Amino acid sequence: MQQILYLEIPTPHTASVCNWLQQQFEPGEGKKIITPDGFRLLLETTGEELSIFVWSVQRTTYLKVFRQGEKLINTERQFLERLKIALINQFPYQYPAPPDINLSQQSIFEALAPYYPLTVQYFQKMPQGEYDLNRVYWWEKRWRSGVCNPKNPKKVVFQKEELTENQGKSEAICYDLIYVGGALGIIHAAVMARLGYKVLLIERLPFGRMNREWNISREELQRLIDLDLFTPAEVESFIAREYQDGYSKFFDANNPAIAKAAILHTPKVLNVALNAEKLLHLSGVKFREAGGEIWDETEFVRADIEPKKLIVYAEHQPSKSQRQANGRLLVDAMGSASPIAWQLNGNRTFDSVCPTVGAVIDGGFAPGVWDAKYGDVLNSHGDISRGRQLIWELFPGADSEITIYLFHYHQVNAENPGSLLELYEDFFTILPEYRRCDLSELVWKKPTFGYIPGHFSAGSRDRTIAFDRLVSIGDAASLQSPLVFTGFGSLVRNLSRLTDLLDAALKHDLLKSHHLNQIRAYQSNISVTWLFSKGMMVPTGKFLPPERINSILNTFFGILATVDGSIAEKFIKDRVDWLTFNGLAVKAAITNPSLLLWILDFISVDDILHWLGSYLSFTLWSLASFIFGWLPSFTRKIQPWLEPRYPAFWLWLKAFNYAITDGIGRPQNIIKNC
């Protein structure tokens with residue numbers, strides 16, 4: 001028998017698809033012979049036969065058609081086209097939105113149980129499940145609001161020419177820096193406070209609460225030590241576990257032979273699991289010891305930007321009292337939920353996103369299901385599922401804890417923003433398919449979730465990350481790697497760069513937008529890889545061959561598995577250089593010439609032109625690095641003379657030095673007290 005068709009049917013109701021095929025679908029010719037999972041089509045004029053059947057995995061339905069013999073049947077193409085069109089019309093993509101609910105009349109569990117029964121069932125088993133499910137719902141509603149109204153975002157930043165009478169009487173303390181967002185924000189804020197600045201941090205949640213766990217490598221953690229933020233002993237105190245090896249492997253049962261691959265081993269990628277709450281607590285201690293102040297359970301409302309200061313208005317949630325603070329500079333660290341990011345960039349706020357859900361599980365797996373010495377860096381156990389290529393991550397934590405994530409790469413689209421609640425229902429449904437387990441036996445410690453955004457940058461200035469007296473960092477700036485989409489790792493890798501440039505701007509009061517837009521974590525070597533991440537996203541409403549994304553991933557990761565391990569490590573840690581990138585691209589094209597044709601399913605002519613702009617930028621910055629490699633050390637030598645005389649040029653020169661080092665994957669050594 002020969003397979004002649006493989007389709008994804010985007011519905012979990014496999015029985016309904018089977019019944020429709022058996023009872024309603026008209027093949028046009030031949031005799032239907034009903035089978036348990038579909039039907040056989042007997043072509044009485046020739047005696048040839050087709051077998052059509054469906055099955056369910058990943059909360060999705062799949063269909064295959066087999067021909068009994070090797071010879072092409074005359075009317076085969078017409079039948080397959082009729083079948084595909086009928087299935088698409090009968091079972092189109094659905095993008096359900098969460099219901100509008102009134103929590104004053106019912107609990108979050110009661111409100112969501114009819115729509116997401118498994119999600120409610122297992123959140124009820126978590127220690128703070130009701131609070132956390134409220135957070136999931138809030139996060140999804142906030143994200144959808146931004147995606148669905150990009151041209152008319154809520155305005156929260158206002159430019160004022162002069163003080164009003166009430167503002168003039170304000171007795172609020174003047175801070176050098178006001179951070180909004182306390183997860184990634186506290187690490188950055190602690191470094192700045194230890195440099196002597198007066199800093200305020202405003203956090204919507206109780207300080208120290210996290211929706212995600214963090215994994216990183218020891219090499220990257222060393223940067224926190226080099227910055228004098230933590231001692232080696234303090235870093236050890238918030239390391240939960242270090243595994244021996246990490247795996248990346250994608251499902252290839254349906255891939256062509258050319259797109260099957262070995263497991264990629266990356267023992268030094270994301271191999272250190274952190275206790276995020278301990279890290280945040282210790283960062284808070286360091287921050288307060290340096291004079292920093294934290295307003296937690298306080299929601300940012302708006303900011304008024306004046307020529308000589310800014311005023312931030314916020315609301316303390318438990319008391320509903322209004323608070324305000326005056327400062328020199330506002331730092332937006334609110335992540336993908338940031339209304340400031342939407343206001344600054346409108347339609348181009350975020351091009352892509354990884355909706356991510358998961359949980360920390362403290363035991364309950366049978367012996368042999370997983371060895372805590374190992375981690376799953378990237379893993380898929382099936383093909384495209386309801387328009388998404390689902391990918392798993394698994395990282396061992398402290399003692400018997402395991403953190404498991406489920407996510408997918410997704411193009412931001414108003415019709416289909418990407419749903420955390422739908423993804424959680426998938427998570428609880430298909431976790432036993434991914435790792436053999438009985439969900440009722442697992443010990444659920446806490447959920448992990450969020451929207452991790454990305455921006456496809458063609459150059460260092462095509463995204464606005466600053467306004468007068470305002471700058472964005474982390475996920476709000478959305479300049480991290482489009483491959484690994486980890487805001488924490490990107491922040492740590494760029495922490496020295498961001499704090500050094502911000503320190504220079506504050507010292508010389510260079511707080512206009514054109515100055516602050518230079519303080520960014522943009523990397524030209526990473527912007528050029530966005531084409532790779534584009535090939536991991538199913539365009540909204542488009543039916544692709546179900547195996548297509550796994551085929552692309554296996555081709556590329558298979559190549560990484562055959563080269564020196566340091567190359568894969570550099571690629572995933574945002575340090576790939578121009579020669580290495582081009583070598584990998586050429587090798588991929590030679591290994592699998594179909595790859596270029598496959599990628600055309602995901603991109604347009606505009607995308608190709610956009611990527612060529614990114615590639616040109618990467619090439620020019622790499623060339624500049626080769627020509628001006630001597631400049632960073634020379635700049636430090638002339639600093640005492642140059643900085644006091646030409647501070648704006650000094651800031652530009654520092655930013656340029658970072659662009660030709662860190663910005664192309666060759667980070668500078670940290671110079672303390674710079």
Side-chain angles (χ1 to χ4, degrees), residues 176-177 188 191-192 194-197 223 226-228 328-329 331 457-473 477 479-480 490-528 574-575 577-578 613-614 616-674:
D176 293 303
L177 289 157
H188 199 279
V191 174
M192 297 307 296
R194 289 168 66 84
L195 289 175
Y197 294 104
R223 301 189 74 79
D226 293 342
L227 279 166
D228 288 332
R328 295 174 61 199
L329 180 68
V331 180
S457 299
S460 61
R461 295 303 180 89
D462 72 347
R463 176 179 169 82
T464 302
I465 56 97
F467 194 73
D468 289 354
R469 298 191 176 274
L470 185 158
V471 68
S472 300
I473 64 170
L479 295 170
Q480 71 276 15
S490 177
L491 180 76
V492 171
R493 287 189 285 272
N494 288 282
L495 189 59
S496 173
R497 177 185 188 179
L498 293 173
T499 52
D500 186 21
L501 292 173
L502 187 57
D503 180 37
L506 285 165
K507 278 181 179 177
H508 302 291
D509 206 34
L510 301 172
L511 304 180
K512 293 291 186 179
S513 61
H514 64 278
H515 296 128
L516 297 174
N517 259 304
Q518 299 174 77
I519 305 173
R520 56 176 65 216
Y522 171 77
Q523 292 182 227
S524 60
N525 68 321
I526 294 306
S527 70
V528 80
D574 301 351
R575 298 206 319 267
D577 57 46
W578 189 87
S614 298
L616 178 61
S617 174
F618 181 30
T619 301
L620 292 175
W621 280 116
S622 298
L623 181 62
S625 178
F626 176 76
I627 295 172
F628 297 105
W630 51 270
L631 188 58
S633 59
F634 177 74
T635 299
R636 286 191 290 271
K637 292 178 182 178
I638 63 171
Q639 176 180 355
W641 178 86
L642 181 63
E643 183 178 5
R645 290 172 173 82
Y646 305 102
F649 178 69
W650 168 249
L651 176 64
W652 176 88
L653 189 59
K654 286 174 75 72
F656 179 83
N657 287 339
Y658 278 114
I660 63 174
T661 51
D662 297 56
I664 62 164
R666 295 172 51 196
Q668 298 182 50
N669 293 325
I670 291 176
I671 307 298
K672 298 180 181 180
N673 300 319
C674 54

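All of these numbers come straight from a predicted model, not from anything done at the bench.
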As a test of understanding, state which of T499, V331, L329 forms a side chain to side chain contact (heavy atoms under 4.5 Å, CB included) with M192.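 Looking at T499, V331, L329, the match for M192 under the side chain to side chain contact (heavy atoms under 4.5 Å, CB included) is T499.
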Gap between atom [atom2] of [Y] and atom [atom1] of [X] - 0.5 Å precision:
{"X": "N525", "Y": "S617", "atom1": "CG", "atom2": "OG", "answer": "10.0 Å"}
{"X": "D226", "Y": "L495", "atom1": "CG", "atom2": "CG", "answer": "11.0 Å"}
{"X": "L631", "Y": "L653", "atom1": "CG", "atom2": "CG", "answer": "5.0 Å"}
{"X": "I638", "Y": "S633", "atom1": "CD1", "atom2": "OG", "answer": "10.5 Å"}
{"X": "H515", "Y": "L502", "atom1": "NE2", "atom2": "CG", "answer": "13.5 Å"}
{"X": "W652", "Y": "H514", "atom1": "CH2", "atom2": "NE2", "answer": "14.0 Å"}

Write down the atom of [X], the atom of [Y], and the distance for their closest heavy-atom approach.
{"X": "L510", "Y": "P647", "answer": "CD1-O, 3.6 Å"}
{"X": "K507", "Y": "Y197", "answer": "CG-OH, 3.5 Å"}
{"X": "A505", "Y": "I519", "answer": "CB-CD1, 4.0 Å"}
{"X": "K654", "Y": "L501", "answer": "CB-CD2, 3.7 Å"}

Would you sort out whether R520 and N517 count as a side-chain contact (heavy atoms from CB on, under 4.5 Å), showing the intermediate values? CA-CA 7 Å; R520 56 176 65 216; N517 259 304; 2.8 Å; yes
Residues L227, S496; criterion side-chain contact (heavy atoms from CB on, under 4.5 Å); working and verdict: CA-CA 7 Å; L227 279 166; S496 173; 4.2 Å; yes
[X] side chain to [Y] main-chain N or O, any donor-acceptor pair under 3.5 Å?
{"X": "R328", "Y": "L511", "result": "no"}
{"X": "S513", "Y": "F467", "result": "no"}
{"X": "Y658", "Y": "Q668", "result": "no"}

Dump the intermediate steps for salt bridge (charged side-chain N to carboxylate O under 4.0 Å, His left out) on R194 and D228, then the final yes or no. CA-CA 9 Å; R194 289 168 66 84; D228 288 332; over 6 Å; no
Begin with the C-alpha distance, continue with both residues' side-chain angles, and end with the deciding distance and a verdict on side-chain contact (heavy atoms from CB on, under 4.5 Å) for L651 and H508. CA-CA 9 Å; L651 176 64; H508 302 291; over 6 Å; no
Yes or no on side-chain contact (heavy atoms from CB on, under 4.5 Å) for V471 and L498, after CA distance, side-chain angles and deciding distance? CA-CA 11 Å; V471 68; L498 293 173; over 6 Å; no
Are W621 and F628 close enough that their ring centres sit under 6.0 Å apart?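 Not close enough - the centres of the two rings lie 6.0 Å or further apart.
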Is the shortest heavy-atom distance from the side chain of I664 to the side chain of W578 under 4.5 Å?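 I664 does not reach W578 side chain to side chain.
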Check this for me, if you would: do R493 and D574 make a salt bridge, where the nitrogen-to-carboxylate-oxygen distance has to be below 4.0 angstrom?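 Salt bridge: yes.
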